There are 2 protein chains.
Amino acid sequence: MASNTKEQILNAAEMLFAEHGFADTSLRAITQAAKVNLASVNYHFGSKKLLIQAVLQRYLDVLMPEIDHQLTIMLEKNESPTTEQLMTTLVDPLLSLNRVRPNGTATFVQLLGRGYTETQGHLRRFMTVNFGDVLGRFMGIIQDVVPGLSAADLFWRLHFAMGTFVFSMASSQALGEIAAADYQEDFDIKNVIEKLVRYISAGLDAPAN
Amino acid sequence: MASNTKEQILNAAEMLFAEHGFADTSLRAITQAAKVNLASVNYHFGSKKLLIQAVLQRYLDVLMPEIDHQLTIMLEKNESPTTEQLMTTLVDPLLSLNRVRPNGTATFVQLLGRGYTETQGHLRRFMTVNFGDVLGRFMGIIQDVVPGLSAADLFWRLHFAMGTFVFSMASSQALGEIAAADYQEDFDIKNVIEKLVRYISAGLDAPAN
DNA sequence: CAGTGTTTGAAACAAGCGTTTAAATTTACG
DNA sequence: CGTAAATTTAAACGCTTGTTTCAAACACTG
């Protein structure tokens, strides 16, 4: 049978990466948390870079087909959805990541934020390759949905939206804890994502300057 | 007279920090770009941490009084502004940073994004101390302006907005270059900020979920 | 059960980092 | 002009990083 060293490393790594970022998490910290030898990361994954990608891959392999599926369903029911309806197709796929790993949704969105935020060239490339098809489809649809913007305006809006999503997700854990303490709200990633969808959709739909 | 070594270091540092982030910019890279000795950073600033803060301080000392001033002017003219009018008070102060240094506005917002994004505890603290008063005032006003949200909802919206702003600004340079190439738009930080204000205001004003 | 290929272990490696040292040089001032 | 202070210099320090090495332990197969 396959050793579970690989999984122990992946599990420890994703937790530490989500919490402290990729650059600020050393292989020594990971292997110590995973209770495995330092050298096993390079043995099983080749390098730290490839470990980072493997951590993300576990989630992307579930998320991407799921988004694709939800897009198909949504378009079958409704040929011309609103912006918010389109954005909402992302919610279920994201929540399905809780079946990949305990607390998977929150962990993944944090990792996504880190990946987008930290200046790791290889990650941007890796994401593009893996997101590629599905994200391209999503972008294609959104162009038909968001009303009356020039190409340049839409370009900026989309990147604002991407920024909002990624950044908020990266800090979601910390913010959730503050919100829980100050407003007696349970931290519920589903709830946060829905608030985020509302906010982003309104921003996308704003009249052009 | 004061040596210009300090300024050469600050100028080189802010450029490299904005481009590569704080953690990924070494003192050796800074002193090499500034054409000064490695040890002069510690001689003039004490440590890398304090250098980072000094770089930001140059801008904050101009920005914060300016925002305070604009808020006062705006409230005198209009006791109950719209969300967009409130957000617009930030535009001129930000653009005034171009008088601090060439390309100062773009550089500062990038630095701000880095500071907010990188997990440098001391920076978050430093910002809070320096932003403190003015930002507190801004937050106080926004509560009266944004319509009909619960305290918890407003909390989330504000952090979404903060995230949108900071993240977009951090990537504004790169995105600007793409936009310029693809849409024959000149990269104009003023224009981007105005688009951003429109987007954020619409998001803040969205009806509650 | 012997032998082969896979996995683990402890240790070392080379490179880069921020910081410190102490001597050399420049600057300022009585 | 001479001396004291401020600044610059080159070198080294101690530490952490990702990666490599190679022998020991293990797992599986013929």
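This is a predicted model, so every value here is computed, not measured. In what follows, chains are A, B, ... by sequence order, proteins preceding strands, each numbered from 1.
What separates CD of A:Gln32 from P of C:dG9 is a distance of 14 Å, to the nearest Å. As rounded to whole Å, 12 Å separates atom C1' of C:dT8 from atom CD of A:Gln8. A straight line from CG of B:Asn37 to P of D:dT8 spans 9 Å, rounded to a whole angstrom. Here D:dT20 presents its P atom at 15 Å from NZ of A:Lys48, a figure rounded to the nearest Å. Counting to the nearest Å, the C1' atom of C:dA15 and the CG atom of B:Leu27 are 17 Å from each other. Atoms NZ (B:Lys49) and C1' (C:dT19) sit 13 Å apart, rounded to a whole Å. Look at CG on B:Asn42: it is 6 Å from P on C:dT20, rounded to the nearest Å. Rounded to whole angstrom, the span from the CG atom of A:Asn4 across to the P atom of C:dT7 amounts to 12 Å.
In terms of position on DNA chain D, the residue among A:Tyr43 and B:Lys35 whose nearest nucleotide sits closer to the 5' end is B:Lys35.
Taking side-chain N and O atoms only, B:Ser40 has no distance below 4.0 Å to OP1 or OP2 of D:dT9. An OP1 or OP2 oxygen of D:dG18 is reached within less than 4.0 angstrom by no side-chain nitrogen or oxygen of A:Ser47. Look at A:Ser26 and you'll find a side-chain N or O under 4.0 angstrom from OP1 or OP2 of D:dT17. OP1 or OP2 of C:dT8 lies within a sub-4.0 Å distance of a side-chain N or O belonging to A:His44.
A distance-only check finds a donor-acceptor pair linking the side chain of B:Thr72 to the backbone of B:Asp68 [under 3.5 Å]. Side chain of A:Ser150 to backbone of A:Asp153: a donor-acceptor contact under 3.5 angstrom is found. Of the possible polar contacts, one joining the B:Ser201 side chain to the B:Val197 backbone as a donor-acceptor pair under 3.5 Å is found.
Contact annotation for A:Thr31: no contact, since no heavy-atom pair falls under 4.0 Å across all strands.
Aromatic ring pairs are classed by plane angle as parallel below 30°, tilted from 30° to 60° and perpendicular above 60°; the pair A:Phe108 and A:Tyr59 is tilted.
Taking CD of B:Glu84 as the start and CZ of B:Arg198 as the end, the distance is 4.5 Å to the nearest 0.5 Å.
Closest contact between the side chain of B:Leu38 and the listed nucleotides D:dA10, D:dA11, C:dC17 involves D:dA11.
One can find a donor-acceptor pair under 3.5 Å joining the base of D:dG18 and the side-chain atoms of A:Arg28.
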